[in-house]
Amino acid sequence: SAGIERKRLILAGSTPDRYSHLSEYHKVDLHLDTYPYNGTTTTLEALWMGVPTVTLAGGSHRSRVGNSILSNLGLTDFIATTPKEYIDIAVAKANDLTSLKVLRVQCRSIVSNSSLMDKPGFVEGLECFYAQAVRDLK
């Protein structure tokens with residue numbers, strides 16, 4: 001009813017295993033994050049599999065997860081603050097297949113080299129937090 005050709009839509013059910021699930025991302029050019037509850041696992045899976053994500057940042061934690069992930073990856077041009085901007089970004093990105101193709105190749109490296117994957121840095125920060133909490137109790 002919205003004028004989208006039926007052959008352009010993929011309506012899929014569950015997959016039998018994780019490999020099959022992740023392979024589905026090879027069929028996707030651009031991931032549209034959900035709102036008002038942003039994806040966390042799905043967003044990170046999409047990016048890991050080379051699928052850039054457009055998100056709409058809201059005012060609560062549940063609607064700012066995509067903003068946090070994309071900001072930590074330096075992909076702030078994929079973050080919208082209004083529904084209209086979300087649509088505008090999605091349409092612009094979807095129409096720039098050359099840039100999407102380049103970013104698709106870089107996504108896993110961007111995620112791998114980001115603060116989101118810095119396990120030693122995270123543990124160090126957490127240890128400092130715990131140490132400060134213990135000092136504050138004394």
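Every value quoted in this text rests on a predicted model; they were computed, and no experiment measured them. Residue numbers count from 1 along this sequence.
- Counting non-hydrogen atoms of other residues, nucleotides and ligands closer than 6.0 Å to CD of Glu124 gives a total of 12 or fewer.
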Step-by-step side chain to side chain contact (heavy atoms under 4.5 Å, CB included) determination, Asn113 to Met117:
CA-CA 7 Å; Asn113 295 312; Met117 301 297 275; over 6 Å; no
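- Taking both residues in full, the closest heavy atoms of Val28 and Arg104 are given as O-NH1, 2.7 Å, listed atom of the first, atom of the second, then distance.
- Pro83 approaches Leu56 most closely through the heavy-atom pair N-CD1, 4.0 Å.
- Between the side chains of Ser115 and Asn72, at least one donor N or O lies within less than 3.5 Å of an accepting N or O.
- Checked against side chain to side chain donor-acceptor pair (under 3.5 Å), Ser71 has no partners two or more places apart in sequence or in another chain.
- The local environment of CZ in Arg62 is sparse, with at most 12 non-hydrogen atoms from other residues, nucleotides or ligands closer than 6.0 Å.
- Classification of Asp77 and Lys93 as a salt-bridged pair holds, one side-chain N sitting under 4.0 Å from a carboxylate O.
- The same ILVMFWY cluster, assembled from side-chain heavy atoms under 4.5 Å apart, contains both Phe122 and Phe129.
- With Asp33 contributing its side chain and Thr55 its backbone, the two residues share no donor-acceptor pair below 3.5 Å.
- For Thr15, there are no side chain to side chain donor-acceptor pair (under 3.5 Å) partners, not counting sequence neighbours.
- Judged by distance alone, the side chains of Thr81 and Glu85 do bring a donor and an acceptor atom under 3.5 Å apart.
- Electrostatic pairing of Glu24 and Lys27 counts as a salt bridge here, judged by a charged N lying under 4.0 Å from a carboxylate O.
- Taking Tyr25 as the reference, His21 meet the ring pair (Phe, Tyr, Trp, His ring centres under 6.0 Å) condition, with sequence neighbours excluded.
- Listed here is the closest heavy atom pair of Ala57 and Ile79: CB-CG2, 4.1 Å.
- Panel note: side chain Thr43, backbone Gly39; a donor-acceptor pair is recorded below 3.5 Å.
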Before you tell me yes or no, could you show the steps for Ile69 and Phe78 under side chain to side chain contact (heavy atoms under 4.5 Å, CB included), namely the whole-Å CA-CA distance, both residues' side-chain angles and the distance that decides it to 0.1 Å?
CA-CA 11 Å; Ile69 292 169; Phe78 285 81; over 6 Å; no
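- For the residue pair Met49 and Leu22, the shortest heavy atom distance occurs at CE-O, 3.5 Å.
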